[in-house]
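Worksheet: one structure, shown below.
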Amino acid sequence: MRSMDLPQIMRSVTRLLLVEDSEDDEALVLAALRRSELSIEHRRVWNRAMLAAALEEKCWDVVISDHNMPQFDSMEALKMVKASDPDMPFILVSGAIGEETAVAAMRSGAQDFVMKHSLGRLGPVLVREIGEAGIRRSAQLATQHLRVNEALLNSIVNTAADGIAVINASGSIEFANDALARMLGYGSQEMAGVDISQLLHQNAATASFWQDLFSAGSGSTGKPADLQTHARSRDGNVMPVEIRASRMDARGNPKATVVVRDVSERAHSEERMWRLAHFDELSGLPNRLLFRQLLEQALRDASRSNKPVAVLFIDLDRFKRINDTLGHDAGDDVLREVTARLRSCLRDSDIISRFGGDEFVALMRDIDDADAARSAAKRVLAEVAEPYSLQGEDYHLSASIGISTFPGDSIDADALLRNAELALYRAKDQGKNNFQFHSPQMNARSFEHVVLERLLRRAVELDEFLIHYQPQVDVTTGRVVGAEALLRWNHPGMGMMQPGKFIPLAEETGLIVPIGRIVLMRACAQAKAWQDAGAKGLRISVNLSPRQFALTELVADIRNILEDTGLAPDSLELEITESMVMENPEHAASILQELRDLGLMLAIDDFGTGYSSLGYLKRFPVNTLKVDRSFIKDLPEDPDDAAITHAVIAMGHSLRLIVVAEGVETIEQVEFLRLHGCDLMQGYLISKPMPAADMTRYLELRDMLTSRSRAGVTGDLLR
Ligand code: C2E
Ligand code: MG
Ligand code: MG
């Protein structure tokens with residue numbers, strides 16, 4: 001199809017299809033057109049078949065048709081032409097045409113009619129009609145283009161993954177694509193008229209976003225503006241969205257195109273990344289990185305609220321063994337189980353983190369005092385110690401815990417972690433399965449112990465300690481062979497305190513070292529005094545604490561004390577416990593040997609309550625075995641205790657040890673011990689522990705009653 005403007009028509013050839021049966025009329029028409037300066041190429045047809053064939057060629061610019069032809073007429077020709085090309089100019093030429101016919105022809109699509117007697121009009125009519133047909137065709141083409149563009153645009157808009165809307169200045173949606181409708185749960189036709197602000201999270205930022213977009217002076221097509229917000233779908237689902245809107249002015253009518261992108265997926269993957277970076281995969285607990293941030297936050301809160309914070313560094317003891325023997329899957333199961341148990345021991349507001357391996361760290365916020373951490377640590381130790389069922393068998397684990405507190409130990413997150421870890425190492429050193437505070441005074445069992453510790457320190461300065469003595473006698477002869485020195489604290493307000501009340505604390509704080517030295521000094525001096533008063537060979541037994549035993553200067557200290565007091569080494573017996581030597585048997589053996597080399601006597605105290613292996617006694621150079629009171633207590637009735645005591649006495653003797661029974665309270669017990677050959681005994685039946693002055697009188701009295709005539713150990717006392 002061709003379209004032309006007027007000068008083009010003048011210049012180029014106009015192809016005319018003439019429907020005319022008369023050659024004369026053909027000549028007349030051509031003559032008339034020749035005058036119009038149109039350059040014409042034409043073909044004449046005069047029946048239906050010819051016209052149809054010509055129209056097939058689709059090369060005509062205009063059709064001029066006679067009205068009356070034999071077997072054919074202009075109305076039929078018009079119908080055929082318009083059917084072939086509705087825009088083809090059709091001009092009727094007739095000698096005598098009625099007005100009605102002309103109107104009917106025009107109605108059916110003819111462009112004009114020209115009477116044969118005024119053919120002079122034909123040229124200008126042709127020019128006009130060809131021109132208008134061109135314009136009609138251009139317009140049609142433009143519309144077609146527009147339609148194509150619109151279809152293209154529609155397909156772009158509707159296949160876009162992002163939601164697209166056009167809104168007016170009042171925020172009402174005028175158009176929304178399918179994606180937006182789908183995203184927000186609307187039908188594709190339901191969005192028109194909806195207010196966009198109802199679909200989005202409403203806050204100050206969103207409100208000013210739309211306001212800025214439409215505010216006067218922002219130009220007809222503003223720069224696109226972006227907004228991160230949340231959209232709410234019809235069913236209440238909230239999703240993070242990114243919005244890009246640009247304003248356009250449609251004939252002074254401001255509108256905006258809004259592109260809405262659902263970024264949930266991205267938000268999810270960002271969250272996944274964040275989780276990977278901040279959580280431990282195995283346990284699901286926060287990792288070190290996140291814990292550190294949470295700790296800092298907690299410290300900031302705590303410095304405002306003035307509440308203490310505790311950090312518990314928890315490490316499983318010998319966890320590696322499980323991994324090595326049962327494999328990593330079993331190890332992982334245990335770690336997950338431990339995670340659950342830790343959760344059960346702590347409050348929901350506490351944070352538990354896994355630092356890796358078998359290291360867990362707990363953060364306790366908003367606690368009243370260190371006692372909360374202490375109780376939590378106890379719960380953790382107890383829970384972790386419960387058996388783990390692995391591959392059908394029960395396994396046991398323990399944990400060691402180091403605790404630091406804010407603000408006592410530090411106000412700095414890193415320092416708190418470091419302090420807790422240092423305390424953990426101490427807990428491991430103390431034989432594992434225990435907890436230690438970083439601050440020594442916190443290791444005491446409660447606040448009262450903090451007070452008690454202060455008092456105890458003062459007691460050392462003010463020398464409020466006394467020693468009571470309990471005699472040890474020969475089971476068969478009743479002869480006094482020695483005495484055990486037992487510590488007492490005579491506090492001015494609290495009265496006489498038994499060692500059970502304060503020795504553990506003295507032990508924990510290390511105060512037992514100076515206190516123990518006082519006991520040794522005083523007991524040795526006292527023994528020497530008794531010996532000098534006649535109790536020749538009287539032996540003094542002094543209890544040694546694990547702390548003292550661990551002192552490198554122990555042997556030198558004792559040598560000095562013996563020198564200072566003048567007591568013979570074999571008159572001093574040190575009482576140690578099984579656990580003290582079993583902690584590090586090699587080291588213990590060498591220390592014990594050094595003490596033996598000094599000439600001292602060594603006794604194993606409370607025998608039967610610890611490892612109770614007579615086998616190991618062979619390896620240690622000890623002289624005496626003290627059978628714990630718990631075995632003596634129910635003698636002779638309890639057959640188990642009877643059997644054990646009997647066996648211990650017999651085996652002690654086979655190792656050439658002196659066997660001492662502790663806590664003898666009845667004659668029946670003495671009978672049993674005598675029957676089974678026990679060497680020595682001590683207990684309330686003979687005497688309760690007593691002050692030195694009473695002991696002196698006791699020794700005098702015993703001497704009078706039992707050995708005044710015989711030369712006994714205490715025979716010289718009265719002299
Ligand atoms: P231990 O060395 O086994 O001392 C024996 C304990 O049994 C003493 O308790 C004594 O009073 C008590 N006892 C003796 N005979 C009987 C009896 O017939 N019946 C009953 N029920 N008890 C009896 P004590 O004096 O309270 O001392 C307790 C523990 O404190 C001692 O046990 C010892 O382990 C420790 N201890 C005492 N003095 C010292 C000391 O100077 N240094 C150290 N490191 N520990 C000490
Ligand atoms: Mg003892
Ligand atoms: Mg004992």
Side-chain angles (χ1 to χ4, degrees), residues 456 459-460 463-473 475 482-490 495-527 539-551 554 557-558 561 572-581 601-610 622-635 658-670 672-673 678 680-692 694-695 698:
L456 198 57
V460 175
D463 193 14
E464 292 171 349
F465 298 106
L466 294 173
I467 300 174
H468 284 187
Y469 296 89
Q470 187 177 38
Q472 285 182 355
V473 302
V475 173
E484 179 174 4
L486 294 160
L487 182 63
R488 300 289 179 266
W489 175 13
N490 189 16
M496 195 67 80
M497 284 201 283
Q498 304 296 309
K501 280 259 168 65
F502 63 92
I503 290 235
L505 179 61
E507 185 65 44
E508 229 165 317
T509 53
L511 280 170
I512 192 66
V513 171
I515 295 172
R517 206 174 272 134
I518 293 172
V519 175
L520 268 169
M521 270 304 283
R522 212 161 282 169
C524 288
Q526 183 61 62
R539 196 165 57 230
I540 188 80
S541 298
V542 176
N543 293 284
L544 206 64
S545 99
R547 285 277 191 131
Q548 286 173 287
F549 193 62
L551 284 179
L554 176 72
D557 265 2
I558 288 175
I561 288 169
L572 173 61
E573 182 172 69
L574 295 182
E575 295 191 1
I576 54 174
T577 59
E578 295 166 278
S579 54
M580 277 157 68
V581 290
M601 305 285 278
L602 298 174
I604 297 286
D605 202 355
D606 305 338
F607 187 80
T609 58
V622 295
N623 314 86
T624 307
L625 204 58
K626 297 188 75 175
V627 184
D628 192 68
R629 190 172 75 85
S630 55
F631 299 100
I632 308 298
K633 203 167 47 122
D634 297 324
L635 289 181
I658 300 167
V659 181
V660 182
E662 292 185 308
V664 175
E665 294 183 354
T666 67
I667 291 291
E668 289 74 20
Q669 290 166 349
V670 178
F672 181 94
L673 295 170
C678 186
L680 305 177
M681 60 182 176
Q682 66 183 89
Y684 291 174
L685 181 70
I686 298 103
S687 169
K688 287 196 169 186
M690 54 197 153
D694 292 356
M695 181 70 186
Y698 175 85

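Ligands are counted one by one from 1 in listed order, and the atoms in each one are counted from 1 as well. Since we're looking at a predicted model, the values are computed, not measured.
- Under the 4.0 angstrom criterion for non-hydrogen atoms, Gln682 is not in contact with ligand 1.
- Although no hydrogens or angles enter the test, the distance criterion places a donor-acceptor pair under 3.5 Å between the side chain of Gln470 and the main chain of Ser687.
- Counting only non-hydrogen atoms, the option in Pro499, Gly663, Gly500 that gets closest to atom 28 (C) of ligand 1 is Pro499.
- Of the candidates Leu544, Ile503, Leu487, it is Ile503 that places a heavy atom closest to atom 46 (C) of ligand 1.
- The distance from ligand 1 to the heavy atoms of Gln498 drops below 4.0 Å at these ligand atoms: 26 (O).
- Of all atoms in ligand 1, listed by their number and element, those nearer than 4.0 Å to a heavy atom of Gly683 are 15 (N), 18 (O).
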Starting from the C-alpha separation in whole Å, work towards a yes-or-no answer on side chain to side chain contact (heavy atoms under 4.5 Å, CB included) for Asp606 and Glu662. CA-CA 8 Å; Asp606 305 338; Glu662 292 185 308; 3.3 Å; yes

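- Judged by distance alone, with hydrogens and angles left aside, the side-chain atoms of Glu575 form no donor-acceptor pair with the main-chain N or O of Ile604 at under 3.5 Å.
- Of all the heavy atoms of Lys626, none lies under 4.0 Å from any atom of ligand 1, so neither backbone nor side chain is involved.
- Ser541 and Glu573 are linked by a side-chain donor-acceptor pair at a separation below 3.5 angstrom, with hydrogens and angles left out of the test.
- Residue-level proximity to ligand 1 for Leu486 is carried by backbone and side chain together, each with a heavy atom below 4.0 angstrom.
- For the pair Trp489/Gln498, no side-chain contact is recorded, criterion being any heavy-atom separation below 4.5 Å from C-beta on.
- Inspection of the Lys626 and Gln682 side chains reveals an N or O donor paired with an N or O acceptor under 3.5 Å.
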Before you tell me yes or no, could you show the steps for Asp463 and Arg522 under salt bridge (Lys or Arg N to Asp or Glu O under 4.0 Å), namely the whole-Å CA-CA distance, both residues' side-chain angles and the distance that decides it to 0.1 Å? CA-CA 12 Å; Asp463 193 14; Arg522 212 161 282 169; 2.8 Å; yes

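- The residue among Glu665, Glu484, Met497, Gln669 with a heavy atom at the shortest distance from atom 17 (C) of ligand 1 is Glu665.
- If you look at Val542 next to ligand 1, there are no close heavy atoms at all, none under 4.0 Å.
- Counting only heavy atoms from C-beta outward, the side chains of Pro689 and Arg488 approach each other to under 4.5 Å.
- For the 3.5 Å distance criterion, the side chains of Gln548 and Asp557 fail to qualify, holding no donor opposite an acceptor.
- Nearest-residue assignment for atom 25 (O) of ligand 1 (options Gln548, Arg488, Glu507, Lys688; heavy-atom criterion): Arg488.
- For ligand 1, the atoms lying closer than 4.0 Å to a non-hydrogen atom of Val519 are 41 (O).
- When you scan the N, O or S atoms of Glu575 for the one nearest the Mg ion (ligand 2), you land on OE1.
- With a cut-off of 2.8 Å, the Mg ion (ligand 2) has no N, O or S atom of Ser541 in range.
- Contacts with ligand 1 closer than 4.0 Å are made by heavy atoms of both the backbone and the side chain of Ser545.
- For the side chain to side chain contact (heavy atoms under 4.5 Å, CB included) with Leu466, the qualifying choice from Leu486, Val519, Asn490 is Asn490, the only one to do so.
- Counting heavy atoms under 4.0 Å from ligand 1, residue Glu575 touches it through the side chain alone.
- Contacts of Ile467 with ligand 1, taken as heavy-atom pairs under 4.0 Å, are absent altogether.
- Taking the N/O/S atoms of Glu484 in turn, the shortest distance to the Mg ion (ligand 2) belongs to OE2.
- Distances from the Mg ion (ligand 2) to the N/O/S atoms of Asp605 are shortest for OD2.
- Close contacts between ligand 1 and Arg629 involve ligand atoms 19 (N), 20 (C), 21 (N), 22 (N), 23 (C) [criterion: under 4.0 Å to a heavy atom].
- Contact annotation: for His468 versus ligand 1, there are no heavy atoms closer than 4.0 Å.
- With hydrogens and angles ignored, the 3.5 Å screen pairs a side-chain donor or acceptor of Asn623 with a backbone N or O of Leu602.
- Across all non-hydrogen atoms, the minimal contact from Asp605 to Glu484 is OD2-OE2, 4.4 Å.
- Listed for the Arg547 side chain is no donor-acceptor partner under 3.5 Å among the backbone atoms of Ile512.
- Side-chain atoms of Glu507 do not come within 3.5 Å of backbone N or O of Ile503 as any donor-acceptor pair.
- Not a single heavy atom of Gly516 sits less than 4.0 Å from an atom of ligand 1.
- Contact annotation: for Gln470 versus ligand 1, heavy atoms closer than 4.0 Å belong to the side chain alone.
- Among Asn543, Asp605, Asp628, the residue whose heavy atom sits closest to atom 42 (N) of ligand 1 is Asn543.
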